[in-house]
Participant: 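Have a look at this one before I ask anything.
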2 protein chains.
Amino acid sequence: MSKNNASSDPSVEALKLDNQLCFALYGAANRMTRLYRPLLDAMGLTYPQYLVMLVLWESSPRTVGALGEALDLDSSTLTPLLKRLEAAGLVERHRDPEDERRVIVDLSEAGRALREQAKAIPEQMICALDLQMDAISTLRERLKVLAR
Amino acid sequence: MSKNNASSDPSVEALKLDNQLCFALYGAANRMTRLYRPLLDAMGLTYPQYLVMLVLWESSPRTVGALGEALDLDSSTLTPLLKRLEAAGLVERHRDPEDERRVIVDLSEAGRALREQAKAIPEQMICALDLQMDAISTLRERLKVLAR
DNA sequence: TGAAGTTATATTGCGCGCGATTAAATCGCA
DNA sequence: TGCGATTTAATCGCGCGCAATATAACTTCA
């Protein structure tokens with residue numbers, strides 16, 4: 001009875017949404033941003049902006065290029081996002097005097113201060129996900145392999 | 001030596017990008033769409049459009065609402081996407097005469113034909129991912145739980 | 001030195017996602 | 001019947017992602 005809903009043609013079966021890793025990933029990622037939204041709204045951040053702040057909280061200043069490397073995003077995504085963070089007073093941007101091609105992004109005082117508020121987020125998310133920590137870690141590590 | 005890079009403050013540790021399931025998911029999902037892009041370009045589809053076509057190939061016609069339920073998307077995303085698919089000649093849209101609130105989306109002949117071309121995609125992706133089928137299935141099922 | 005090649009960021013255009021709102025059709029029920 | 005509530009799509013605005021392109025700064029090397 002294991003072939004209850006299985007077509008005899010494997011290429012037909014493979015096209016079913018339910019069998020697609022890509023859709024599971026797509027759906028899970030969309031859900032995740034929706035789950036974060038209420039928490040991030042309270043901090044005035046979007047989800048990608050939050051990821052940028054995570055990188056900067058870990059180590060700053062960084063160049064736009066270094067941020068892009070960490071997040072696997074390019075300048076066409078980051079430049080406007082960073083301008084919005086700058087307009088919000090969370091980061092400062094200036095050309096590197098050593099090499100005027102580079103733009104150095106640093107946290108402002110407000111940006112640094114926001115970290116205290118952010119510290120509560122991971123725990124709230126872990127609760128919201130309702131998964132064991134080891135399940136989360138396992139999934140995370142497998143996804144990293146996928147994003148290699 | 002297990003605490004090599006560990007801060008003594010767990011809330012600091014939890015904020016590191018590398019420890020975030022959300023970022024692993026975000027990165028993996030972005031990578032996935034980039035991996036699909038060259039294959040889908042050849043078919044004239046974007047990644048979300050491909051997902052819509054997967055749903056329709058499985059069962060059509062469907063209402064906009066039913067598509068949204070299957071994909072966890074709402075009409076503000078689907079309506080413009082479906083109009084583009086219609087403009088590309090892959091689907092037809094018309095109001096349900098039974099209930100004029102509903103819009104019924106059906107495959108055109110070209111849309112149905114495109115399925116033959118799509119049949120090659122899952123295998124190509126599995127190769128590109130370079131993962132065992134059981135690893136893919138396991139990951140997929142765990143992501144579905146996350147997107148519950 | 002200076003012209004060609006390379007690197008770093010910015011700009012443009014397009015297609016999502018989604019919150020908020022609107023508009024129209026249908027339903028429920030007094 | 002008729003009117004308020006509900007359902008279904010569509011519309012609008014904004015912020016990504018990213019391909020393609022542009023621009024400016026640096027490097028190389030003849």
Side-chain angles (χ1 to χ4, degrees), chain A residues 22-23 25-38 40-42 44-53 61-69 71-88 93-105 147, chain B residues 22-23 25-38 40-41 44-53 61-69 71-88 91 93-105 147:
Chain A
C22 74
F23 174 62
L25 207 45
Y26 171 85
N30 285 348
R31 283 273 181 172
M32 190 65 79
T33 72
R34 271 178 265 170
L35 214 49
Y36 269 91
R37 192 182 308 274
L40 297 180
D41 276 352
L45 292 175
T46 66
Y47 185 71
Q49 286 168 12
Y50 172 66
L51 295 178
V52 168
M53 294 302 286
R62 298 212 197 193
T63 64
V64 171
L67 280 171
E69 180 118 5
L71 294 163
D72 198 7
L73 293 174
D74 71 16
S75 69
S76 53
T77 299
L78 283 174
T79 298
L81 186 156
L82 290 168
K83 284 184 178 175
R84 284 185 284 270
L85 285 179
E86 187 178 40
R93 299 180 329 126
H94 54 83
R95 291 274 164 188
D96 184 351
E98 305 276 298
D99 181 343
E100 293 273 345
R101 289 173 304 182
R102 286 197 250 274
V103 167
I104 293 176
V105 181
Chain B
C22 74
F23 175 63
L25 207 45
Y26 171 85
N30 285 349
R31 283 272 183 172
M32 191 66 79
T33 72
R34 269 177 267 171
L35 213 50
Y36 269 91
R37 191 183 308 275
L40 297 180
D41 276 353
L45 291 176
T46 66
Y47 185 72
Q49 286 167 11
Y50 172 66
L51 296 177
V52 167
M53 294 303 286
R62 296 213 198 194
T63 64
V64 171
L67 281 170
E69 181 117 5
L71 295 163
D72 198 9
L73 293 173
D74 70 15
S75 69
S76 54
T77 299
L78 283 174
T79 298
L81 186 157
L82 291 169
K83 284 184 178 175
R84 284 185 284 270
L85 285 179
E86 187 178 41
V91 307
R93 298 178 330 125
H94 54 85
R95 291 275 165 188
D96 183 350
E98 304 278 298
D99 180 344
E100 294 273 347
R101 289 172 304 182
R102 286 197 249 275
V103 167
I104 293 176
V105 182

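Just so we're on the same page: letters track the sequence lines, and every chain starts at 1.
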Participant: Counting primed atoms plus P, OP1 and OP2 as sugar-phosphate and everything else as base, spell out the protein contacts along nucleotides 1-14 of chain C at 4.0 Å heavy-atom distance: B, S or - for each nucleotide, 5' to 3'.
Facilitator: ------BSSBBB--
Participant: Identify the two heavy atoms, one from A/V64 and one from A/L78, that lie closest to each other, and give their separation to 0.1 Å.
Facilitator: O-CD1, 3.7 Å
Participant: Atom SG of B/C22 and atom CG of A/L51: how far apart are they, to the nearest 0.5 Å?
Facilitator: 5.5 Å
Participant: Quick one: ring-ring contact (aromatic ring centres under 6.0 Å, His included) partners of A/Y50, sequence neighbours excluded?
Facilitator: A/Y36
Participant: Does B/T46 or B/P97 map to a spot on DNA chain C nearer the 5' end, using the closest nucleotide for each?
Facilitator: B/T46
Participant: Salt bridge or not for B/E86 and B/R93, using N-O below 4.0 Å?
Facilitator: yes
Participant: Between A/Y26 (OH) and C/dG17 (C1'), how many Å, whole number?
Facilitator: 7 Å
Participant: In whole Å, I'd like the distance from the CG atom of B/L71 to the C1' atom of C/dG17.
Facilitator: 12 Å
Participant: Identify the 5'-most and 3'-most nucleotides of DNA chain D with at least one atom closer than 4.0 Å to a non-hydrogen atom of chain A.
Facilitator: D/dG15 to D/dC26
Participant: When the distance from CG of A/L25 to P of C/dG17 is rounded to whole Å, what number comes out?
Facilitator: 13 Å
Participant: Could you tell me how far apart B/M53 (CE) and C/dC16 (C1') are, to the nearest whole angstrom?
Facilitator: 17 Å
Participant: Got a sec: does the CD of A/E100 have more than 12 other heavy atoms crowding it under 6.0 Å?
Facilitator: yes
Participant: OH of B/Y47 versus C1' of C/dG17: gap in Å, rounded?
Facilitator: 14 Å
Participant: Nearest 0.5 Å please: distance from the OH atom of A/Y47 over to the CG atom of A/L40.
Facilitator: 8.5 Å
